[in-house]
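All remarks here apply to the structure that follows.
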Amino acid sequence: MKTGIEDLIDQAINTLKQQGILDAALQPAIQVTRTRDVAHGDFASNIAMMLAKPAGMNPRQLAQNLIDALPQNEHVHKVEIAGPGFINFFIHQQTTLDIIRTILDRGDRFGTSEIGHGEKVQIEFVSANPTGPLHVGHGRGAAYGATVASLMRAVGYDVDCEYYVNDAGRQMNILAVSVWLRYLQQLDVDIAFPSNGYKGDYILEIAAELVEKRGGVYVYNASQVMDGIPPDEVDGGDKEIHIDALIERARQLLGEKDYRAVFEAGLDSILADIADDLEEFGVHYDIWYSEQTLADRKLIEKAVQQLQDAGHIYENKGALWFRSTAFGDEKDRVVIRDNGQATYFASDIAYHMDKFARGFDRVINIWGADHHGYVPRVKAAINALGEDDSKLDILLVQFAILYRGGERVQMSTRSGSFVTLRELRDEVGNDAARFFYVMRKCEQHMDFDLDLAKSQSNDNPVYYIQYAHARVCSVLRQLAEKNLSHDIEAGNDKLELLTESHETELTLQLAKYPEVVEKAAINADPHLLVHYLRELANQFHTYYNAHQFIVEDDAIRNARLNLISAASQVIHNGLKLLGVSAPESM
RNA sequence: GCGCCCGUAGCUCAGCUGGAUAGAGUACAGGCCUCCGAAGCCUGGGGUCGGUGGUUCAAAUCCACUCGGGCGCGCCA
């Protein structure tokens with residue numbers, strides 16, 4: 001309907017151009033919005049005010065000219081000029097009510113569209129280091145990414161979800177050593193655990209598993225492990241130097257094969273845990289992309305070489321630098337260190353090069369906001385490689401700030417003091433967790449009150465929406481008990497009986513749903529859908545309290561049951577996009 | 001110091017690609033179950049949209065400056 005009105009205005013403008021009233025060169029962006037006040041009709045356009053200046057006319061006069069030039073349309077029953085020059089459109093009641101029929105016809109498909117034209121989109125999100133279980137901070141990125149993916153699929157994009165597994169690099173070696181040292185401790189080797197190691201309980205479990213499967217094959221005595229290792233922080237040394245030395249020692253003693261086995265015991269166990277966690281959370285990935293394979297496939301060398309060939313690399317102090325300042329970055333960045341190792345950034349350049357090589361029309365990265373300083377250099381690299389950086393969107397998600405008992409919860413992965421996503425899910429349920437995470441726009445800092453989220457109180461907005469759905473189901477169940485029927489076809493033929501103001505408002509809200517989904521998808525703003533559903537639920541509850549649906553009059557009953565069925569269908573569809581269930585009773 | 005994000009009702013937040021009297025939840029004060037589920041509904045009070053200046057017919061929305069809060073500025077990942 002909205003685009004239909006835009007077309008009407010466009011035709012009117014063309015008519016005025018032919019009449020010489022408007023300059024033929026004008027290319028106005030036609031804006032049509034739904035009105036907030038029913039007195040202003042259903043839709044309004046500010047086009048006359050936008051064009052008043054270039055046309056050299058006063059807006060109300062121009063609005064009148066436009067109205068005179070508007071083609072007739074069967075759905076529009078009245079057009080008015082209002083205020084400083086708004087053009088208000090009033091839609092026939094029957095046209096509005098027809099949306100109910102449409103919703104019931106389309107069912108689960110209502111709200112989907114093809115505006116994405118099957119464009120291939122890749123969304124990469126979470127991509128947490130596999131050094132421990134996901135915590136509640138990752139949960140927000142997971143819920144947000146999965147919801148954006150659903151929304152985009154709903155409007156016709158071909159979306160792939162990807163998790164970039166950082167399975168190379170120093171953190172993973174620290175993990176391997178952490179596992180090994182816990183393993184040794186469990187086999188009674190008297191050894192201190194490094195202050196910089198991963199201290200979480202999950203390391204103990206991985207070590208125990210290793211003991212069970214491989215027995216003592218990785219055992220060395222304390223002096224073999226510790227002799228000559230520089231002191232840890234607690235002994236007045238440097239924790240970084242200490243743990244790096246331990247990594248080297250582990251490699252020497254175990255040899256590459258056994259070291260790799262310990263390393264993979266840690267990696268595989270944690271990655272499997274993350275994958276299960278996400279799957280249970282309703283977050284599905286199409287691809288798990290290993291950072292290690294970039295090196296294995298020589299893609300990092302290739303990327304650096306390509307930058308070098310293009311003249312964007314120079315050498316300084318034994319390292320290779322990418323001249324990212326030539327592409328708007330603050331400073332140049334090292335890609336190959338003086339010790340010959342590639343930096344994380346070099347891997348990331350190769351990774352993005354490969355994303356583009358895989359033929360996506362659009363690439364979306366969802367990062368924690370603490371990585372925002374990283375954006376310019378990645379965009380710089382993409383430009384330097386001759387790709388179009390407008391195909392890459394980097395969306396930054398602020399971490400949720402947790403509160404427990406009114407106090408902020410401090411979290412650190414390394415020290416093991418964090419709330420895991422799994423704990424959160426167990427306590428508040430997947431529905432509430434998914435819903436809470438996308439309730440706020442992503443760049444907004446979010447206060448996540450654990451006590452509130454855990455409490456099964458009616459403060460929880462997800463219940464409110466689910467309750468509306470369950471209430472409709474309950475009404476439909478009541479029918480049988482009262483020996484009354486619901487005839488959808490008969491109801492569709494009597495929609496004009498829905499004349500109560502509550503019915504009109506609820507119907508209008510239902511008609512907005514496809515527009516909300518579209519806007520939420522295009523802007524990657526799931527919270528728009530959340531707010532919409534809350535409003536819809538509110539209008540349903542209001543209607544419910546004001547009128548009876550199960551009435552003796554067959555025509556009114558069927559029409560009303562069609563309306564509330566349509567409402568529950570839209571709630572069901574909307575919740576599904578959010579990854580939240582729509583229970584039939586609760 | 002430089003860069004990015006955020007300052008809207010007591011609290012948590014919408015509204016921000018400029019549009020008609022600034023919204024919701026919560027909290028607070030009242031009212032509504034012989035009636036389809038009260039996890040609900042209705043009514044009410046509550047605001048210098050952080051501040052100042054600018055652009056515009058029109059600014060919470062755009063621009064500049066400024067004050068507050070968060071984050072980032074490694075040959076870490």
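Chain letters run A, B, ... following the sequence lines, proteins first, then strands; residues in each count from 1.
- Nearest approach of A48(A) to P59(A), heavy atoms of both residues: CB-O, 3.5 Å.
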Please write out the pairs of protein N or O atoms and N or O atoms of nucleotides 16-18 of chain B separated by less than 3.5 Å, giving the distance to one decimal.
residue, atom, partner, partner atom, Å
C16(B), N4, K441(A), NZ, 2.7

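- Within the nucleic acid shown, A470(A) comes within 4.0 Å of at least one base atom, counting heavy atoms only.
- With F322(A) as the aromatic partner, R377(A) does not meet the cation-pi criteria of under 6.0 angstrom to the ring centre and within 45 degrees of the ring axis.
- Atom pair F322(A):CZ and C75(B):P shows a separation of 15 Å (rounding to whole Å applied).
- Evaluation of Y544(A) against the base of C36(B) yields no stacking contact (centre distance < 5.5 Å, interplanar angle < 30° required).
- Residue E443(A) places its side chain closer to C6(B) than to any other of A14(B), C6(B), A20(B).
- Of the candidates A14(B), A20(B), A39(B), A14(B) carries the atom nearest the H527(A) side chain, counting heavy atoms from C-beta on.
- Side-chain contact between F327(A) and D389(A) is absent, with no heavy atoms from C-beta onward closer than 4.5 Å.
- In this structure, F263(A) and D167(A) approach most closely via the heavy-atom pair CZ-O, 3.6 Å.
- The separation of C16(B) from U8(B), taken at their C1' atoms, amounts to 11 Å, rounded to a whole angstrom.
- Using P as the reference atom, G53(B) and C13(B) are 30 Å apart when rounded to the nearest Å.
- Of the residues in residues 36-44 of chain A, those with a non-hydrogen atom less than 4.0 angstrom from any atom of RNA chain B are R36(A), D37(A), H40(A), A44(A).
- Base contact: S585(A) has a heavy atom under 4.0 Å from a base atom.
- Using a cutoff of 4.0 Å between basic side-chain nitrogens and carboxylate oxygens, D393(A) and R362(A) are scored as salt-bridged.
- To the nearest whole angstrom, the two C1' atoms, one in A27(B) and one in C65(B), are 38 Å apart.
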Atom pairs under 3.5 Å: protein N/O with N/O of nucleotides 57-61 of chain B:
residue, atom, partner, partner atom, Å
C57(B), OP1, K53(A), NZ, 3.1

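- Taking the six-membered ring for Trp and the full ring otherwise, Y532(A) and Y513(A) have centroids separated by under 6.0 Å.
- Between R337(A) and R477(A), the one whose closest nucleotide on RNA chain B sits nearer the 5' end is R477(A).
- Nucleotide C41(B) holds its P atom 7 Å from the CG atom of N545(A), rounded to whole Å.
- Residue-environment remark: CD (E264(A)) exceeds the threshold of 12 foreign heavy atoms within 6.0 Å.
- The phosphate of G3(B) (OP1 or OP2) has no side-chain N or O of K331(A) nearer than 4.0 angstrom.
- Residues Q478(A) and F549(A) fail the side-chain proximity criterion, which asks for heavy atoms closer than 4.5 Å.
- Phosphate proximity of C36(B) to H547(A): absent, as no side-chain N or O sits under 4.0 Å from OP1 or OP2.
- Counting to the nearest Å, the P atom of C13(B) and the OH atom of Y437(A) are 15 Å from each other.
- What separates CG of D244(A) from C1' of C76(B) is a distance of 11 Å, to the nearest Å.
- In this structure, CD of Q539(A) is placed 12 Å from P of A24(B), rounded to the nearest angstrom.
- The residue among R534(A) and D332(A) whose nearest nucleotide of RNA chain B lies closer to the 5′ end is R534(A).
- Out of C75(B), G40(B), A14(B), the shortest distance to the side chain of H541(A) is found at G40(B).
- Phosphate contact (OP1/OP2 of C41(B), side-chain N/O of Y464(A), threshold under 4.0 Å): present.
- Minimum heavy-atom separation, S485(A) to L561(A): O-CD1, 4.4 Å.
- For G18(B) and C73(B), the P atoms lie 34 Å apart once the distance is rounded to whole Å.
- Counting any heavy atom pair closer than 4.0 Å across all strands shown, T542(A) reaches sugar-phosphate atoms only and no base atom.
- Computed from coordinates, the H372(A) NE2 to C71(B) P distance equals 11 Å when rounded to whole Å.
- Distance check on atom C1': U61(B) versus G7(B) gives 14 Å, rounded to whole Å.
- F86(A) qualifies as a stacking partner of the A20(B) base, centre to centre under 5.5 Å and near-parallel within 30°.
- Between the side chain of D370(A) and the base of G72(B) there is no donor-acceptor pair of N/O atoms closer than 3.5 Å.
- Phosphate contact (OP1/OP2 of A24(B), side-chain N/O of N538(A), threshold under 4.0 Å): absent.
- Nucleotides C49(B) and C62(B) place their C1' atoms 16 Å apart, quoted to the nearest Å.
- Nucleotides C41(B) and A24(B) are separated by 13 Å at their P atoms, to the nearest Å.
- Among the protein residues, A82(A) comes within range of the nucleic acid bases, having at least one heavy atom under 4.0 Å from a base atom.
- When heavy atoms are screened at a 4.0 angstrom cut-off, E330(A) is found touching the sugar-phosphate backbone but no base atom.
- Closest non-hydrogen pair, I274(A) versus G132(A), comes out as CD1-O, 3.8 Å.
- A donor-acceptor contact under 3.5 Å is not formed by the side chain of H371(A) with the base of G72(B).
- In this structure, A44(A) and N88(A) approach most closely via the heavy-atom pair CB-OD1, 3.3 Å.
- C2(B) and G25(B) have their C1' atoms separated by 39 Å, with the value rounded to a whole Å.
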Using the rule given for salt bridge (Lys or Arg N to Asp or Glu O under 4.0 Å), can you reason through K355(A) versus E162(A), listing the C-alpha separation, both sets of side-chain angles and the distance that settles it, and then say yes or no?
CA-CA 10 Å; K355(A) 286 190 184 188; E162(A) 183 156 314; 5.7 Å; no
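- A syn orientation is assigned to C33(B), its glycosidic angle lying within 90° of 0.
- In this model, no side-chain donor or acceptor of N46(A) finds a partner on the base of A20(B) within 3.5 Å.
- Taking atom OH on Y344(A) and atom C1' on C76(B), their separation rounds to 11 Å, with Å as the unit.
- Applying the side-chain contact (heavy atoms from CB on, under 4.5 Å) test between F43(A) and each of T35(A), I91(A), T33(A) identifies I91(A) as the sole match.
- Note on Q478(A): a side-chain N or O is less than 4.0 Å away from OP1 or OP2 of G37(B).
- No salt bridge links K494(A) with D554(A); every basic N to acidic carboxylate O contact stays at or beyond 4.0 Å.
- Taking the six-membered ring for Trp and thresholds of 30 and 60 degrees, F540(A) and Y544(A) have ring planes inclined between 30 and 60 degrees apart.
- Atom C1' of nucleotide A38(B) and atom CZ of R471(A) are separated by 7 Å, given to the nearest angstrom.
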